[in-house]
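Some notes on the structure that comes next.
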Amino acid sequence: MKNREVVDIFNNVADMLAIRGDQIHRILAYRKAAESIEALGRDINIVYAEGKLTDIPGIGETLAAKIEEMLKTGRLEFYDKLAREIPPSLVEMLRVEGLGPKRVKQIHEVLKVETIEQLTAAAREGKLRDLPGLGAKSEAKLLAAIEALSRHGDARVSLGVAWPIARQMLAELSEVPGVVRAAVGGSLRRMRDTIGDIDLLVAADSPEAVMDRFAALENVESVAGRGPTKTNVILLNGLGVDLRVLPVERWGTLLNYFTGSKAHNVKLRELALKRGYSLNEHAFTPLAGGSEILCATEEAVYEQLGLTYISPRLREDHGEIEAAAAGTLPNLITTEELISDLHMHTTWSDGTLSILDMARAARDRGLKAVVITDHSYSLGIANGLSIERLREQAAEVRAVDRELGSDIRVLHGTEMEIRADGSLDFPDEVLAEVDIVIASLHTALGQPKEQITQRLVGAIRNPHVDIIGHPTGRLLPDRAGADLDMDAVLAAAAETGSILEINANPARLDLRDIHVRMAVERGVKLAINTDAHRADELSLSHYGVATAQRGWATAVDIVNTWPVEDLIQYVQNKVKSD
DNA sequence: TAGTAGTGACTAACATTTGCCCACAAATG
C-alpha cells in the first residue's frame, strides 16, 4: 500500500466520523495523521520497516497499529466497519460546495439519499426545501453546485496557471481609486506547487468600489458571495477567487491571516492566547480588556508574538514557528543570488532559439554563466543529438563563448537520456568532453519502484554525471512522476556529490518542496534551472527559487549561486575522486 | 485519537464572514 492510499483512507475516516457526529478531536487526529503522512516525503512502508511510525507527528500507538494493519493486509477493519454504518458515497457528497457533514447526515437520514445522483433527483423534485434549515434558495444553490462540480471538479491548478491570472486581477484592482495596497495571499503567496483558489487582499477605506470592480472583471463568471468586507467569485475557468478588503492600518494582520496556512494561523493564534491576546485578521485584542493593537506590517505581527519574521514560503506549521521562536530560521535563497542557469535547449534539439540567441537572452537577464544542454539521441521526438552532432555543437558553443567575451560564460553540456534499461546515451569518453552532464528520465516513468530507483541511482553513480534533471519526471497538476525511493536517491547523491535539479518550470517544480528539504538536511547540493526552450522561459527561475525556499534551502545549498569556476572545479572533483 | 503525566484521566483546534432562515451550517486562512 502506498502513502497516498493511507492518506485517503484516514481522510475518509475523518469525514465519516464527522458525518456520524463524533468528537471533534478524534476527527482532527485522523486529519492530522493524513496531513503528516502526506508531508512525509518518504515511503511509509520503509518507515514502518524501521519501526518508526510513531515518530511521525500525530501518529500514536493506535494509529500506528492501524497503519500496520493496512500495510500488511491492504485493508482496515475499522474503516470497513465504519463504511457499513456511513456509506462512502456520503463522503463524496461533501465535495458539493455548501454541503457539510451536518447537512449530509440530515439529508441521508430524512430522505434516504446516499449519492450525488439521488441528491440531484431529490433537489429537482423539490424535496430538499421542506427540511428544517433549508429552503427553495438553498435547493437551487445546491443544484448549481452539483452542476459546477461535474463541470470543473474540485481539481487544483498548477502554480504557473494561477500566478499570471492573480497578477492581472491585482493590477486591475490597484487602479481603483482609494486602493492603498493590493496583494496575493493564500497558497499562491506561499507558492505551493498547486493552487485550489486565488486569495486577493486590498487595503482601502471604502470597500464598495473595489468589490464592484472585482465582480465586474471580464474573466469572472459568477459572484458566489458578497458582504461588506469579503467577496468571492468564480472565474470562467472554474477557479474560485476570494477578495478581502480592510483599512491599511490593519494590513499586517490581514495579510498574515489571508496568507495562512490554516495550520500556521491556528498555531499563531494559540501562541497569542498564551501571551494574553486574541488574534484575528483585524488586530490583537488583550484578553484582560483594553484597546486593540493594530499591525500595519506582518513584521509587527510576528514581533508581537515574540517571533522573528517568517517567510510566507515556510508557513505550513512544519516547524517554522518553533524555529522563529528559537531564532534559528534559515537565511532563504533569493532569486537575486542566482548567477547561472545550467539547463536549457536550443534549435539543436527542441528549443526555439540558436545558442547565440539563448546566451544573449541569459546575459541580458544578468546571468554570468549558462550551460547549453540539448537532448541526446534516444529522445527522438525532441531531435536529440548523436555523438557526432554533440561534437559539432561543442565547436559552436565555444565560438559563442568567445564572441560574448567576459559578459557571460557559455558552457557546453547535455541533457542525456537515462534509457529504460538504465543505460546511458553517451559513453564515458564522450561525457568527459562536455563541461556539465545532466542525466534525466523521460520514458518508462511507470516502472516499479525498485527498478526505476536503481535506474536513477545507476546514473547518479556514473562519475561523469553531474546533475540529475527533474528527478521524478512529474507534470503538474496531474502526472505523479516516477515512484522513487527518495531515501536511496538522496543517499546516493550525498555519497557521490551529485547535484539534484529543482526544475523551475511551474509544470514540473521537480524536486518538490518536501524532497528539497530532505536533500538540504542531508547535505545534497541542488541546482535551480529553468530548462528553458525559449528566451522568455529563462524568467521562470523564481518558481524554482520559491520551491527551494519551501524546502528551507539557503545559498550554500544551491550551486547556481557559486562562481562558475567553483562549479566546474566541483564537478571535476567528482570524476577525480572516483 | 494524541500527548502528557504517570500507568487511568484529562486536555486539546483559532476566529472570523456569509447565506439563508429566522439560529445555524458552511466556508475561509
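Treat the numbers as computed from the prediction; the structure is a model and nothing was measured. Every chain is numbered from 1, with letters handed out A, B, ... down the list of sequences.
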Can you list the residues that meet the ring-ring contact (aromatic ring centres under 6.0 Å, His included) rule with A:Tyr257, with sequence neighbours excluded?
->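 Not a single residue meets the ring-ring contact (aromatic ring centres under 6.0 Å, His included) criterion with A:Tyr257.
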
Tell me, do [X] and [Y] make a side-chain contact under 4.5 Å, heavy atoms counted?
{"X": "A:Phe214", "Y": "A:Val220", "value": "no"}
{"X": "A:Leu173", "Y": "A:Val210", "value": "yes"}
{"X": "A:His542", "Y": "A:Trp163", "value": "yes"}

Is the number of heavy atoms from other residues, nucleotides or ligands within 6.0 Å of [atom1] ([X]) greater than 12?
{"X": "A:Glu61", "atom1": "CD", "answer": "no"}
{"X": "A:Arg167", "atom1": "CZ", "answer": "no"}
{"X": "A:Arg124", "atom1": "CZ", "answer": "no"}

Inter-nucleotide [atom1] distance ([N], [M]), Å rounded:
{"N": "B:dG6", "M": "B:dA13", "atom1": "C1'", "result": "25 Å"}
{"N": "B:dA12", "M": "B:dT17", "atom1": "C1'", "result": "26 Å"}
{"N": "B:dC20", "M": "B:dT16", "atom1": "P", "result": "23 Å"}
{"N": "B:dG8", "M": "B:dC14", "atom1": "C1'", "result": "30 Å"}
{"N": "B:dA15", "M": "B:dA9", "atom1": "C1'", "result": "30 Å"}

Nucleotide N/O to protein N/O under 3.5 Å, stretch nucleotides 19-24 of chain B:
{"unit_1": "B:dG19", "atom_1": "OP1", "unit_2": "A:Arg226", "atom_2": "N", "d": "2.7"}
{"unit_1": "B:dG19", "atom_1": "OP1", "unit_2": "A:Arg226", "atom_2": "O", "d": "3.1"}
{"unit_1": "B:dG19", "atom_1": "OP2", "unit_2": "A:Arg226", "atom_2": "O", "d": "3.2"}
{"unit_1": "B:dG19", "atom_1": "O3'", "unit_2": "A:Lys141", "atom_2": "NZ", "d": "3.4"}
{"unit_1": "B:dC20", "atom_1": "O3'", "unit_2": "A:Ser138", "atom_2": "OG", "d": "3.4"}
{"unit_1": "B:dC21", "atom_1": "OP1", "unit_2": "A:Gly135", "atom_2": "N", "d": "2.5"}
{"unit_1": "B:dC21", "atom_1": "OP1", "unit_2": "A:Ser138", "atom_2": "OG", "d": "3.4"}

Determine, step by step, whether A:Lys267 and A:Glu322 satisfy the salt bridge (charged side-chain N to carboxylate O under 4.0 Å, His left out) criterion, reporting the C-alpha distance in whole Å, the side-chain angles of both residues, the deciding distance to 0.1 Å, and the verdict.
-> CA-CA 10 Å; A:Lys267 268 254 169 89; A:Glu322 293 78 3; 3.4 Å; yes

Output side-chain donor-acceptor pairs under 3.5 Å for residues 69-76 of chain A, partner residues at least two apart or in another chain, one line each.
{"unit_1": "A:Glu69", "atom_1": "OE2", "unit_2": "A:Glu77", "atom_2": "N", "d": "2.7"}
{"unit_1": "A:Lys72", "atom_1": "NZ", "unit_2": "A:Glu68", "atom_2": "OE2", "d": "3.1"}
{"unit_1": "A:Thr73", "atom_1": "OG1", "unit_2": "A:Glu69", "atom_2": "O", "d": "2.7"}
{"unit_1": "A:Thr73", "atom_1": "OG1", "unit_2": "A:Arg75", "atom_2": "N", "d": "3.1"}
{"unit_1": "A:Thr73", "atom_1": "OG1", "unit_2": "A:Arg75", "atom_2": "O", "d": "3.1"}
{"unit_1": "A:Arg75", "atom_1": "NE", "unit_2": "A:Asp80", "atom_2": "OD2", "d": "3.0"}
{"unit_1": "A:Arg75", "atom_1": "NH2", "unit_2": "A:Asp80", "atom_2": "OD1", "d": "3.1"}
{"unit_1": "A:Arg75", "atom_1": "NH2", "unit_2": "A:Asp80", "atom_2": "OD2", "d": "3.3"}

Base, sugar-phosphate, or nothing: which does [X] touch, judged by heavy atoms less than 4.0 Å apart?
{"X": "A:Phe258", "answer": "sugar-phosphate"}
{"X": "A:Asn232", "answer": "nothing"}
{"X": "A:Leu273", "answer": "sugar-phosphate"}
{"X": "A:Arg190", "answer": "sugar-phosphate"}
{"X": "A:Ile27", "answer": "nothing"}
{"X": "A:Gln23", "answer": "base"}

Nearest-Å distance, [atom1] ([X]) to [atom2] ([N])?
{"X": "A:Gln106", "N": "B:dA26", "atom1": "CD", "atom2": "C1'", "value": "13 Å"}
{"X": "A:Lys262", "N": "B:dG29", "atom1": "NZ", "atom2": "P", "value": "9 Å"}
{"X": "A:Asp199", "N": "B:dA27", "atom1": "CG", "atom2": "P", "value": "15 Å"}
{"X": "A:Asn265", "N": "B:dC14", "atom1": "CG", "atom2": "P", "value": "13 Å"}
{"X": "A:Ile19", "N": "B:dA25", "atom1": "CD1", "atom2": "C1'", "value": "14 Å"}
{"X": "A:Lys267", "N": "B:dG29", "atom1": "NZ", "atom2": "C1'", "value": "16 Å"}
{"X": "A:Lys274", "N": "B:dA15", "atom1": "NZ", "atom2": "P", "value": "12 Å"}
{"X": "A:Arg269", "N": "B:dC14", "atom1": "CZ", "atom2": "C1'", "value": "6 Å"}

Worked verdict on A:Asp513 versus A:Arg517 for salt bridge (charged side-chain N to carboxylate O under 4.0 Å, His left out) = CA-CA 6 Å; A:Asp513 49 11; A:Arg517 190 159 176 194; over 6 Å; no

Would you call A:His25 stacked on B:dA12, i.e. ring centres under 5.5 Å apart with the planes less than 30° off parallel?
->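 Taking the rule of under 5.5 Å and under 30°, the ring of A:His25 does stack on B:dA12.
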
Does any donor-acceptor pair link the side chain of A:Tyr257 with the base of B:dT16 at a separation under 3.5 Å?
->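 Flag unset: no donor-acceptor pair detected.
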
Would you say [X] reaches [N]'s phosphate, i.e. side-chain N/O to OP1/OP2 under 4.0 Å?
{"X": "A:Ser278", "N": "B:dC14", "answer": "no"}
{"X": "A:Asn280", "N": "B:dT16", "answer": "yes"}
{"X": "A:His282", "N": "B:dT17", "answer": "yes"}

Short N-O contact, A:Arg315 and A:Glu298, less than 4.0 angstrom |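 Yes.
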
Where do N or O atoms of nucleotides 2-5 of chain B meet protein N or O atoms at under 3.5 Å, pair by pair?
{"unit_1": "B:dA2", "atom_1": "OP1", "unit_2": "A:Gly60", "atom_2": "N", "d": "3.0"}
{"unit_1": "B:dA2", "atom_1": "OP1", "unit_2": "A:Leu63", "atom_2": "N", "d": "3.1"}
{"unit_1": "B:dA2", "atom_1": "OP2", "unit_2": "A:Thr62", "atom_2": "OG1", "d": "3.0"}
{"unit_1": "B:dG3", "atom_1": "OP1", "unit_2": "A:Gly58", "atom_2": "N", "d": "3.3"}

Pairs counted as Watson-Crick or G-U wobble with both distances under 3.5 Å: what dot-bracket string results for DNA chain B, using | for bases tied to another strand?
-> ((((....)))).((((((....))))))

Toward the 5' end of DNA chain B, by each residue's nearest nucleotide, A:Tyr277 or A:Pro228 =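 It is A:Tyr277, whose closest nucleotide lies nearer the 5' terminus.
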
Identify every side-chain donor-acceptor pair in residues 87-102 of chain A under 3.5 Å, counting partners at least two apart or on other chains, and give the distances.
{"unit_1": "A:Ser89", "atom_1": "OG", "unit_2": "A:Glu114", "atom_2": "O", "d": "2.6"}
{"unit_1": "A:Glu92", "atom_1": "OE1", "unit_2": "A:Arg95", "atom_2": "NH1", "d": "3.1"}
{"unit_1": "A:Arg95", "atom_1": "NE", "unit_2": "A:Asp154", "atom_2": "OD2", "d": "3.0"}
{"unit_1": "A:Arg95", "atom_1": "NH2", "unit_2": "A:Asp154", "atom_2": "OD1", "d": "3.1"}

Any side-chain donor paired with an acceptor under 3.5 Å for A:Asn45 and A:Asp43?
->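 A:Asn45 vs A:Asp43: donor-acceptor pair found between side chains.
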
Quick one: do A:Thr554 and A:Asp557 satisfy side chain to side chain donor-acceptor pair (under 3.5 Å)? Show the steps, please.
-> CA-CA 6 Å; A:Thr554 65; A:Asp557 303 309; 3.1 Å; yes

